[in-house]
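Model, not experiment: these values are computed from the prediction. Chain identifiers are assigned alphabetically (A, B, ...) following the order of the sequence lines, protein sequences preceding nucleic acid strands; residue numbering begins at 1 within each chain.
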Protein chains: 2
Amino acid sequence: MSDNSLDLATQAVDLEIIVDRARDGQKLQLRLWLRMLSITKMISQEIRRRLRIEFQATLPQFDILAQLYRERDGLRLGELSRRTMVTNGNITGLADRLEADGLIVREILDGDRRVTVAKLTKQGRETFAEMASAHEGWLRELMSDVDQDTLALVLSQLATVKNSASRSLVESED
Amino acid sequence: MSDNSLDLATQAVDLEIIVDRARDGQKLQLRLWLRMLSITKMISQEIRRRLRIEFQATLPQFDILAQLYRERDGLRLGELSRRTMVTNGNITGLADRLEADGLIVREILDGDRRVTVAKLTKQGRETFAEMASAHEGWLRELMSDVDQDTLALVLSQLATVKNSASRSLVESED
DNA sequence: GCAAAAAAGTTTAGGGTTCAAGCGTCTGCG
DNA sequence: CGCAGACGCTTGAACCCTAAACTTTTTTGC
């Protein structure tokens, strides 16, 4: 179990925990991680496939449209990057393609010419509305064997996981 | 399911469903999906970052090494593709780079010259062992605020989600 | 005021991802 | 036998992704 042993005094204590854990059948963090990874890979491949076939769009594009859909006034590219967890440089190319497809427009903000704001066009709003509805249906379909109670439970437990990871990431920034 | 409402007769019916679900505070499937997506994105960005900094490796490369590590005799590229959920074409490039780095070797199978088998080199085994140990530690760190019972519970509930998605995918292949 | 620092986007280089098309290599069946 | 189709892998085109360097514009500190 790879105890990154630092100090002999705490070792004795830690060993008990380790033994208990070993008894339980192990590496729960690793197993949970691998399971989440395989599920999201499986589902997002399918979502990607359907978006491509039915809407000639990609998942990151859908993601950006979703953010803009609920912000009538548009969002600056940096904010878009933060919300979608996509790096800044990547936003540029995505916005280029969405703009070329006529789904969004880019406008330079008066008062600060460094800032670019992206917003949906009329066509962008209409197209996204269709996509979102289909997307929701696909998910209901993919999770149709899971009852509502379980869904709600997993949802809340995953909040714990998310908070743990968030905190860990913030704290390791020192 | 996919109610791309085509027909006015069914519309009225669908509306009731929508209203009921809205009352519950709904779209659990969608919310669960978005949560899983953001967690895996967050964690895998961090794992990627550390793999790059500490081992000059990428996550898919790590994934391939992991599969080969537990198969002393190596795996054919097609099998590798299936297990890692990476498309065939992609395996080629990944194997090219891993081979160039001296971590794996490719051998043509006697008896069927279409088949290529990849296996770890000595250096590959050693490097992977270090990576795996670090990787496991990172996950324990990222999930350190989640207690063991919760981990075990989420793990088992996610199995339900995974099975649902698997079944749904297989059945829609007709 | 003005140079230095910071902020917002873009560009670049190196991977990764998919799908579809291509090329050898087997194999089943007529 | 022989060859049509299946199989296993590689290639190519288009997109996504990241980090790091670079531009342009604005702010900050004297």
Please tell me whether T150(A) and D147(A) have a donor and an acceptor in their side chains that are separated by less than 3.5 angstrom.
yes

With a 4.0 Å cut-off on heavy atoms, is E79(B) in touch with a base, just the backbone sugar-phosphate, or nothing at all?
nothing

Are any of the side-chain heavy atoms of L80(A) and L68(A) separated by less than 4.5 Å?
yes

Separation of dG9(C) P from R82(A) CZ (nearest whole Å)
13 Å

Between R48(A) and R76(A), who's closer to the 5' end of DNA chain C by nearest nucleotide?
R76(A)

Are the side chains of R83(B) and E71(B) in touch, meaning some heavy atoms are under 4.5 Å apart?
yes

Mark yes when over 12 heavy atoms from residues, nucleotides or ligands other than R35(B) sit less than 6.0 Å from its CZ; otherwise mark no.
yes

T116(A) near the nucleic acid: base, sugar-phosphate alone, or nothing, with a heavy-atom cut-off under 4.0 Å?
sugar-phosphate

Check whether any side-chain N or O of T160(A) sits under 3.5 Å from a backbone N or O of Q157(A) as a donor-acceptor pair, and report yes or no.
yes

Do any N or O atoms from the side chain of T116(A) and from the backbone of I108(A) form a donor-acceptor pair under 3.5 angstrom?
no

Please classify the nucleic acid contact of L94(B) as base, sugar-phosphate, or nothing, using heavy-atom distances under 4.0 Å.
sugar-phosphate

Hey, does I91(A) reach any base, or is it just sugar-phosphate, or nothing, if we go heavy atoms under 4.0 Å?
nothing

On DNA chain D, which is the earliest and which the latest nucleotide, 5' to 3', with an atom closer than 4.0 Å to a heavy atom of chain A?
dC15(D) to dT26(D)

Heavy atoms, side chains only, cut-off 4.5 Å: are T92(A) and D96(A) in contact?
yes

If you look at every strand shown and take non-hydrogen atoms under 4.0 Å, does R97(A) touch a base, only sugar-phosphate, or nothing?
sugar-phosphate

What does nucleotides 19-27 of chain C look like as a protein-contact string, B for base, S for sugar-phosphate only, - for none, at under 4.0 angstrom between heavy atoms?
S----BBS-

Do D101(A) and Q123(A) have side chains that approach each other closer than 4.5 Å (heavy atoms only, starting at C-beta)?
no

I47(A) CD1 to dT17(C) P, in whole Å, measures 18 Å

Nearest atoms (heavy-atom pairs only) where T84(B) meets I91(B)
OG1-CD1, 4.0 Å

Checking all strands, does T58(A) fall into the base, sugar-phosphate, or nothing category for heavy-atom contacts under 4.0 angstrom?
sugar-phosphate

Distance in angstrom units between L80(A) CG and dA8(C) P, rounded
14 Å

Go nucleotide by nucleotide along DNA chain C from the 5' end; which of V115(A) and P60(B) gets its closest nucleotide reached first?
V115(A)

